[in-house]
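Report on the following structure.
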Protein chains: 2
Amino acid sequence: MTSHPQPSPFQAGTPQPGHGHSVPAGEGPDEPATGARHASGKATQKRAQARRDALLDAAVALLEDGGFPAVTHRAVAHQAGVPLAATTYYFDSRDQLVAHAFTRLVERELAATGAILDGPGSLVDRLTALVGQDRARQLGLWELYVHAGRDPVLQAIARTWTDGCDAALATALRRDRYPHTPADVRFLATLLSGLWIETTVEARPGTAAHDTLTRALNTLRAAKDVSGRLRAR
Amino acid sequence: MTSHPQPSPFQAGTPQPGHGHSVPAGEGPDEPATGARHASGKATQKRAQARRDALLDAAVALLEDGGFPAVTHRAVAHQAGVPLAATTYYFDSRDQLVAHAFTRLVERELAATGAILDGPGSLVDRLTALVGQDRARQLGLWELYVHAGRDPVLQAIARTWTDGCDAALATALRRDRYPHTPADVRFLATLLSGLWIETTVEARPGTAAHDTLTRALNTLRAAKDVSGRLRAR
DNA sequence: GCTAAACTGGGACAAGCGTACCGTTTTGAG
DNA sequence: CTCAAAACGGTACGCTTGTCCCAGTTTAGC
């Protein structure tokens, strides 16, 4: 989509409403401060913020069921119940809107991932549940992830996602007393990625995911057992 | 995408030229028989076939670098050096053209994968080379793969792709005398997928891919060593 | 030769897209 | 209250898209 050179994400080039933050790539991209906007009141800000949120939610929803090309200004506006012009008023361009939507999606995904991994059940069950989440959302997410490879700004967000997954995975491994090094985490996360995308795209029936994960975790334990046994000699 | 109902302009299957294969996967409502076109010569057939091939090649090339939305009728026609109308003459719709192009792409990709895995070098080096191929093309491939999750026809092709990768991987493991079960192959292929897509999208520097693959293959050998050692007692 | 079919290719069409314009309404500070 | 700025929203522009039409050309069978 419009692979414009655009070295910088964009600049404060247009009138631009209240939101003073540029593209999401940073760390806490959305609504960082938003406070004390020069001559803006609070009610207005709130309404504007709500509209922005509605637009973002609409974009995410459209992305989920309909895919990438479904996220058009008109569709987003209609879904959010705002006039068409609001989309360009709150977001300089479609690319920017998509970028923000991607950020939001990643945030939600990381939160969901953390919640599942912190939840009940054995680790392998939790991981299996992870890759078997709502397919529509996963498809949209992966679609964006792949698309991110074409845009430096989105690529940064994609890396954030991967890093977040690694962190969540490390926490889960620690909690369940699985011996693990950073390399182990990376290994498992990579496997999880493959499993995740294959499951999402191909949607084959069966327990292949569960089996694969069981095997991977057993490898972890086995490696420890072996080294422990050898060391004990 | 103009999802026109259009039951049939004046016939069930448009004029439609000689190409005798239907939609790549499944059976498809398109060109059911088409065999032995009554009064068609051979020279004409050949020329028509050449054009079809040129169109398909053009579509594949566009798919490779430019991704999915790059495959437009006009772009394909221009790339193939044929007039615009030829695209709708040889393919009923853009979707059909894309499906055929996808099939061809997967075939070629599987062939290329097989060639690399059958080539010289250690297995880990060959696998590393696999995930480090031309990035633009890989991006296009993954884009298509993910998109395939939204279309049953394309999904079937995607599964074919995965199965082909599994087969190629099994062959390579056998050649290099790695002990492996079908589950091992699946495990390794899944890991490879994860590694592949992460490498393609995020393009992080370093030798992480090589390391991860080394580790995975060592796991294979280790499992055998361990079981062998245990059995030897 | 002739005829009907397959093929060619230039052009046109409606639909949908991102985006910009610009007059109107709402808002909050003075 | 006044009033400038911000927010809003209808609408239009320029462009690209997929697809179709149709007159012209080539081909194969007679």
Side-chain angles (χ1 to χ4, degrees), chain A residues 1-4 6 10 13-20 34 36-52 54-55 59 62 66 68-78 80-98, chain B residues 1-11 13-20 31 34 36-52 54-55 59 62 66 68-78 80-98:
Chain A
M1 218 124 300
T2 64
S3 54
H4 281 159
Q6 63 169 35
F10 89 110
T14 40
Q16 212 44 20
H19 66 301
T34 328
R37 207 96 215 112
H38 44 86
S40 292
K42 290 167 188 173
T44 305
Q45 276 294 352
K46 217 148 203 171
R47 178 169 155 76
Q49 193 67 30
R51 276 209 152 172
R52 260 183 73 89
L55 284 169
L62 284 167
F68 210 26
V71 185
T72 71
H73 278 146
R74 283 167 179 81
V76 170
H78 181 261
V82 302
L84 171 61
T87 59
T88 50
Y89 182 75
Y90 284 104
F91 299 93
D92 277 350
S93 69
R94 178 179 174 272
D95 283 354
Q96 196 182 109
L97 172 61
V98 168
Chain B
M1 273 123 220
T2 63
S3 53
H4 277 156
Q6 66 165 32
S8 66
F10 39 77
Q11 218 180 21
T14 51
Q16 219 36 26
H19 65 298
E31 50 261 284
T34 333
R37 208 106 210 101
H38 42 83
S40 290
K42 291 168 188 172
T44 306
Q45 278 290 353
K46 219 149 203 170
R47 178 168 156 76
Q49 193 66 32
R51 274 214 151 170
R52 255 186 76 88
L55 283 170
L62 286 167
F68 198 44
V71 185
T72 71
H73 278 146
R74 283 165 180 82
V76 171
H78 181 262
V82 302
L84 171 62
T87 59
T88 51
Y89 182 75
Y90 285 102
F91 298 93
D92 277 350
S93 69
R94 177 181 173 272
D95 285 352
Q96 194 182 110
L97 172 59
V98 167

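Proteins get letters first, then strands, A, B, ... in listed order; numbering begins at 1 in each.
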Rounded distance in Å - [atom1] ([X]) to [atom2] ([N]):
X	N	atom1	atom2	result
Phe91(B)	dC20(D)	CZ	C1'	18 Å
Asp95(B)	dT17(D)	CG	C1'	13 Å
His78(B)	dT16(D)	NE2	P	14 Å
Arg52(A)	dC8(D)	CZ	P	12 Å
Gln49(B)	dT8(C)	CD	P	12 Å
Leu55(A)	dT19(C)	CG	P	14 Å

Worksheet item: Is the backbone of Val71(A) close enough, under 3.5 Å, to the side chain of Arg94(A) for a donor and an acceptor to pair up by distance?
Response: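 At least one qualifying donor-acceptor pair exists.
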Atom pairs under 3.5 Å, N or O on each side, protein against nucleotides 9-12 of chain C: can you list them with distances?
{"residue": "dG9(C)", "atom": "OP2", "partner": "Arg51(B)", "partner atom": "NH1", "Å": "2.9"}
{"residue": "dG9(C)", "atom": "OP2", "partner": "Arg51(B)", "partner atom": "NH2", "Å": "2.4"}

Any side-chain N or O of [X] less than 4.0 Å from the OP1 or OP2 oxygen of [N]?
X	N	answer
His73(A)	dC17(C)	no
Tyr90(A)	dA7(D)	no
Tyr89(A)	dA7(D)	yes
Thr72(A)	dC17(C)	yes

Item to complete: Give one of base, sugar-phosphate or nothing for Ser93(A), where a contact means two heavy atoms less than 4.0 Å apart.
Response: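 If one applies the 4.0 Å heavy-atom cut-off, Ser93(A) turns out to touch the sugar-phosphate alone, with no base involved.
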Discussion item. Using a 4.0 Å heavy-atom cut-off, does Val76(A) contact any base of the nucleic acid, only the sugar-phosphate backbone, or nothing at all?
Written reply: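 Nothing: the residue Val76(A), judged by heavy atoms under 4.0 Å, touches no strand.
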Practice prompt. Between dC20(D), dT19(C), dG18(D), spot the one nearest the side chain of Arg94(B), thanks.
Written response: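 For the Arg94(B) side chain, the nearest candidate turns out to be dG18(D).
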Where [X] and [Y] come nearest, the two heavy atoms and their spacing:
X	Y	answer
Ala75(A)	Ala70(A)	CB-O, 3.6 Å
Ala54(B)	Ala80(B)	O-CB, 3.7 Å
Ala77(B)	Leu84(B)	CB-CA, 3.7 Å
Phe91(A)	Arg52(A)	CE2-NH1, 3.5 Å
Leu97(B)	Ala59(B)	CD1-CB, 4.2 Å
His73(A)	Ser93(A)	NE2-C, 4.2 Å

